[in-house]
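For reference, the structure discussed in these notes is given below.
For the numbers below, each heavy atom of this structure counts, side chains included, while hydrogens, waters and symmetry mates do not. Atoms within a ligand are numbered from 1 in the order they appear, just like the ligands themselves.
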Amino acid sequence: MKVTVAGTGYVGLVTGVCLADLGHHVTCMDVQEEKINLLKAGYSPIYETGLEPILQKNIANGRLHFTTNPKEAYAQNDLIFITVGTPENPDGTADLQYVERVALTIAGQLEDDVIVCMKSTVPVGTTEKVQKIIEQNKPPHLAVEVVSNPEFLREGSAVEDFYYGDRIVIGSRNQEAAATLEELYSPLQIPMIKTDIRSAEMIKYASNAFLATKISFINEISTLCEKIGANIDEVASGIGSDRRIGPHFLQAGIGYGGSCFPKDTKALAQLAGNVQHPFELLEAVIKVNNRQQSLPVEKAKHLLGSLQGLKVAVLGIAFKPKTDDIREAASIKIITELLNEGAIVTAYDPVAIPNAEKVFGEKVMFTDEIREAILHADLAIIATEWDQIKMFPLYLYSEYMNDALIIDGRNCYSLAQAKRHEIKYISIGRPVEQGDGSPVSLN
Ligand code: UGA
């Protein structure tokens, strides 16, 4: 099929590249000339495992094209995917200006019937709104059907998720349009759920909200574990082996970040408010997450008193491993709080430094070497569970740091490992380990 993907962010680029790899003819459209030039040369502007080789392969075999020209992108296609950003407005609602603008541009360029597919995460009712915008601005003789096809890819494993996703959701009022999407995705052999447009839009928000709820729930349990002397590892494994609960998304830590959960939970809470049904459970999930992100600095202050002039290493800046994305990352809040407390911060990340430099500039020293980050540090805070951090030998903390105090926000090391070294090791929801075996009181 002939497909255009409008917007080359994480979702759009992975979708475009992988659809080309399935055998479709794909054009990726973006207004950013610089990004398109980079892509044309075979380079990915984002760090996403496995993406670049597939990108290069499909440029070479002629199935993948990039353009900034709307006519070339939108005039004649079987399908157009809208994958532009839906950032957060100051009041938590989704900002739909990019979606609306691209809908108008598409309508103005169409020369043939087409199916337009909303893939960006949008509030319930937006797909219908896009249908209206296109109806009112397209050439009258053309037939356009707008469908909803929400995305469930995770950053860092997006390519794998594209090929091996759990389900594909297609929301459409028109059987034929839904059948075209089914055909597009048929080589993947992933179960397809066909439903109405509003339910499809809601499935996306409800999925992310449910996953965020799981995380805040386990984080609340982890705080209780700390207070009563239980171990969250044992508890998560115990509850996760009930098939009705499942073992996934029960990793306690310093909260969820990224471009999706924080934004989508707030947007759903707003949507609920708009229909006079305050979503109290979700509001609590958001509150717990905000509190969780402040835990490391709170714990540090509890243990050290003032942080003024202390050297602190923040290990991991990306909101999760295998990505350079730092949007809503716990590390941003941690670094900001540390700077406010007068600490001297050195931050380590294997790939996210260029993005972090844009936020903190010269206020923070950055390094892609863990040893350099912890050298002469008074405290190390682990904010992302990169493999490089998990594999970093614990004895090196006592060798390099002034005083080997580690606050591990992602439970990267086992307590058994921590016990064997001359370090003070504080993690999330687990007993505190101190070199001499004596307990450290956090209450
Ligand atoms: C999330 C969803 O998992 C995807 O299905 C969805 O398509 C995507 O949002 C989106 O809406 O576009 P993503 O944000 O890339 O994907 O990353 P996740 O792997 O879901 O992690 C989100 C955050 O939750 C991370 O900060 C991670 O550290 C945290 N997390 C995850 C936990 O704290 N504990 C867990 O057990 C799992």
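Nearest to atom 36 (O) of ligand 1 among the protein's heavy atoms is Q251 N, 2.9 Å. Here the heavy atom of the protein found nearest to atom 11 (O) of ligand 1 is K204 NZ, 2.6 Å. Annotation: atom 26 (O) of ligand 1 to nearest protein heavy atom, G257 N, 2.9 Å. At the shortest separation from atom 16 (O) of ligand 1 among protein heavy atoms lies R154 CG, 3.6 Å. C260 SG, 2.8 Å is the protein heavy atom nearest to atom 10 (C) of ligand 1. The protein non-hydrogen atom at the shortest distance from atom 19 (O) of ligand 1 is K320 NZ, 2.8 Å. Ranking the protein heavy atoms by distance from atom 1 (C) of ligand 1 puts F261 CE2, 3.5 Å first.
Atoms of ligand 1 found under 4.0 Å from any heavy atom of Y256 (numbered from 1 in listed order, with element): 23 (C), 24 (O), 26 (O), 29 (C). Shown in contact with R410 at under 4.0 Å from a heavy atom are these atoms of ligand 1, numbered in order with element: 28 (O), 33 (O). Near F152, the atoms of ligand 1 lying under 4.0 angstrom from a non-hydrogen atom of the residue are 4 (C), 5 (O), 6 (C), 7 (O). Shown in contact with E155 at under 4.0 Å from a heavy atom are these atoms of ligand 1, numbered in order with element: 15 (O). Contact atoms of ligand 1 toward I215: 24 (O), 29 (C), 30 (N), 31 (C), 32 (C), 33 (O), 34 (N), 35 (C), 37 (C) (distance under 4.0 Å to a heavy atom of the residue). Atoms of ligand 1 lying under 4.0 Å from at least one heavy atom of E151, given by number and element, are 7 (O).
Although no hydrogens or angles enter the test, the distance criterion places no donor-acceptor pair under 3.5 Å between the side chain of K263 and the main chain of T93. For the pair H24 (side chain) and K2 (backbone), a donor-acceptor distance under 3.5 Å is absent. Checking side-chain atoms of D21 against main-chain N and O of V17 turns up no donor-acceptor pair under 3.5 Å.
Less than 6.0 angstrom separates the ring centroid of F392 from the ring centroid of Y397.
The shortest N or O to N or O distance between N208 and ligand 1 is below 3.5 Å.
By the 4.0 Å N-to-carboxylate-O rule, K322 lies too far from E48 to be salt-bridged with it. E385 has no carboxylate O lying under 4.0 Å from a charged side-chain N of K390, or vice versa, which leaves the two without a salt bridge. Salt-bridge formation is not detected for the pair K320/E155: no Lys NZ or Arg NE/NH1/NH2 atom is positioned less than 4.0 Å from an Asp or Glu carboxylate oxygen. Under the 4.0 Å criterion applied to side-chain N and carboxylate O atoms, E182 and K194 are assigned as salt-bridge partners. A salt bridge does not link R173 to D196: none of the charged nitrogens lies less than 4.0 Å from a carboxylate oxygen.
Comparing D325, I254, L153, I218 against atom 7 (O) of ligand 1, the shortest heavy-atom distance belongs to L153.
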Audit row: Y185, N149, side-chain hydrogen bond (donor to acceptor under 3.5 Å, both in side chains) steps and yes/no
CA-CA 11 Å; Y185 288 122; N149 173 221; 2.6 Å; yes

